Q: 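Quick one: structure below, then a few questions.
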Amino acid sequence: MFFMECLNENCRFRFPLDLDSFKGKICPLCGSELRKATESLPQWQPGGFQNFHPELVILLDNIRSAHNVGSIFRTCEGADVNKVILCGLTPTPQNNSSVTKASLGAETRLTWEWAANSLQATKELKAQGFKVVVLECLPEALNLFEVKPETLSGDKLLVLLGSEPAGIDPGLLDLADLCIYIPMAGEKSSLNVSVAFGIAVYELRNILRER
């Protein structure tokens, strides 16, 4: 993979190109000649959460966007999530190719299952000792970045993500031990669910490490 640069002084378009797959010779913007500017950086695999393995399960309740679900899968693999539970209308890697496209193979390396009823699935996990954390913007919620390590007691954590248009199912909120929100400075009250999850899961991992 190389970063290519247009030789036209009035263009100078610069972009990455895999020369093994595409034999780029002319600039796609102006048609001028291209040159190899520099080789791309080698891929590097950062270390994981060594010697730190609290059980972490994520439940997606009626998240309709296959792209968001796939993105969450990819984040789950990076954050060392033990299992993903897809509930209700949430598309699965089995029935929606867009999930697998966005997850880039993470779905094959994660344990996941589908459940028709998120409340029933949550009750079963809570009976197994999971502490239930809901990510939702509510007046009673705690700021994610102000959660104390002692608040996340126990060795099993279940994080619930709800539908973007409808919000969290009130029945799930009744089962929650803790509700957290991500502070927002702009006019919007929330982030895209996959983005919000990425922020939340890594911060929760960081909090758990401090216990």
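Atoms considered below: every heavy atom in the structure, side chains included; atoms not considered: hydrogens, waters and symmetry mates. Computed from a predicted model, the values in this text were never measured in an experiment.
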Q: Partners of Ala66 by side chain to side chain contact (heavy atoms under 4.5 Å, CB included), sequence neighbours excluded?
A: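 Residues passing side chain to side chain contact (heavy atoms under 4.5 Å, CB included) with Ala66: Pro91, Asn96, Ser98, Val99.
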Q: For the pair Val159 and Val57, evaluate side chain to side chain contact (heavy atoms under 4.5 Å, CB included) and give the outcome as yes or no after the intermediate values.
A: CA-CA 6 Å; Val159 179; Val57 174; over 6 Å; no
Q: According to salt bridge (charged side-chain N to carboxylate O under 4.0 Å, His left out), does anything in residues 172-182 pair up with another residue at least two apart or in another chain? List the pairs.
A: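 The answer is Lys126-Asp177.
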Q: Consider only side-chain heavy atoms of I, L, V, M, F, W and Y, link residues closer than 4.5 Å, and tell whether Val134 and Leu56 are in one cluster.
A: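 In one cluster with Val134: Leu56, no.
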Q: Quick one: hydrophobic cluster around Leu104, which other residues, with the 4.5 Å side-chain cut-off, linked directly or via members?
A: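 Answer for Leu104: none, a lone residue.
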Q: Applying salt bridge (charged side-chain N to carboxylate O under 4.0 Å, His left out), name anything that partners Glu113, two or more places apart in sequence or on another chain.
A: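 Expected list: Lys83.
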Q: Quick one: salt bridge (charged side-chain N to carboxylate O under 4.0 Å, His left out) partners of Lys36, sequence neighbours excluded?
A: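 Expected list: none.
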Q: Can you find a pair of side-chain heavy atoms, one from Leu178 and one from Val132, that are under 4.5 Å apart?
A: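 Not touching, per the 4.5 Å side-chain cut-off.
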Q: Which side-chain N or O atoms in residues 138-149 pair as donor and acceptor under 3.5 Å with protein atoms at least two apart or in another chain?
A:
from   : atom 1 : to     : atom 2 : distance (Å)
Asn143 : OD1    : Phe145 : N      : 2.9

Q: Taking salt bridge (charged side-chain N to carboxylate O under 4.0 Å, His left out) as the test, write out the residues that go with Arg12, two or more places apart.
A: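 Counting only residues at least two positions away or on another chain, Arg12 forms a salt bridge (charged side-chain N to carboxylate O under 4.0 Å, His left out) with Glu5, Glu9.
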Q: What closest approach, in Å, do Leu119 and Gly171 show between heavy atoms, and which atom pair accounts for it?
A: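 Of all heavy-atom pairs spanning Leu119 and Gly171, the closest is CD2-CA, 3.8 Å.
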Q: What about Tyr181 and Leu173, same hydrophobic cluster or not, with Ile/Leu/Val/Met/Phe/Trp/Tyr joined at side-chain heavy-atom distances under 4.5 Å?
A: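 No, Tyr181 does not connect to Leu173 through the hydrophobic network.
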Q: Among residues two or more places apart or on two chains, list those pairs meeting salt bridge (charged side-chain N to carboxylate O under 4.0 Å, His left out) that have a residue in residues 64-79.
A: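 Checked against salt bridge (charged side-chain N to carboxylate O under 4.0 Å, His left out) - neighbours excluded - the pairs reaching residues 64-79 are Glu77-Arg109.
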Q: Output the rest of the hydrophobic cluster of Leu41: all Ile, Leu, Val, Met, Phe, Trp and Tyr residues reachable through side-chain heavy-atom contacts under 4.5 Å, sorted by chain and number.
A: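 Listed partners: none, Leu41 stands alone.
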Q: Show me, pair by pair, the donor-acceptor contacts under 3.5 angstrom made by side chains of residues 22-32, not counting sequence neighbours?
A:
from  : atom 1 : to    : atom 2 : distance (Å)
Lys23 : NZ     : Leu19 : O      : 2.8
Ser32 : OG     : Asn8  : ND2    : 3.4

Q: Which hydrophobic side chains are connected to Leu7, either touching it within the sub-4.5 Å cutoff or through other members that do?
A: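 Members alongside Leu7: none; it stands by itself.
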Q: Considering only heavy atoms from C-beta outward, does the side chain of Ile85 approach that of Leu60 to under 4.5 Å?
A: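 No; the side chains remain at least 4.5 Å from each other.
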Q: Apply side chain to side chain contact (heavy atoms under 4.5 Å, CB included) to Val81 and Arg205, showing your working.
A: CA-CA 10 Å; Val81 168; Arg205 276 296 196 195; 5.6 Å; no
Q: Should Val201 and Leu125 be counted in the same cluster of Ile, Leu, Val, Met, Phe, Trp and Tyr side chains packed under 4.5 Å apart?
A: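 Different clusters: Val201 never reaches Leu125 through Ile, Leu, Val, Met, Phe, Trp or Tyr contacts under 4.5 Å.
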Q: Test of understanding: with ring pair (Phe, Tyr, Trp, His ring centres under 6.0 Å), list the residues that count as partners of Phe3, not counting sequence neighbours.
A: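 Phe3: no ring pair (Phe, Tyr, Trp, His ring centres under 6.0 Å) contacts found.
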Q: Heavy atoms, side chains only, cut-off 4.5 Å: are Leu160 and Thr122 in contact?
A: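 Contact flag for Leu160/Thr122 side chains = yes.
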Q: Say you draw a straight line from CZ of Phe197 to CG of Leu161; how long is it, rounded to the nearest 0.5 Å?
A: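 Here the interatomic distance stands at 6.0 Å.
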Q: Ignoring hydrogens and angles, state whether a donor on the side chain of Asp61 or Ser118 is under 3.5 Å from an acceptor on the partner side chain.
A: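 A pair is found: one side chain offers a donor N or O, the other an acceptor, under 3.5 Å apart.
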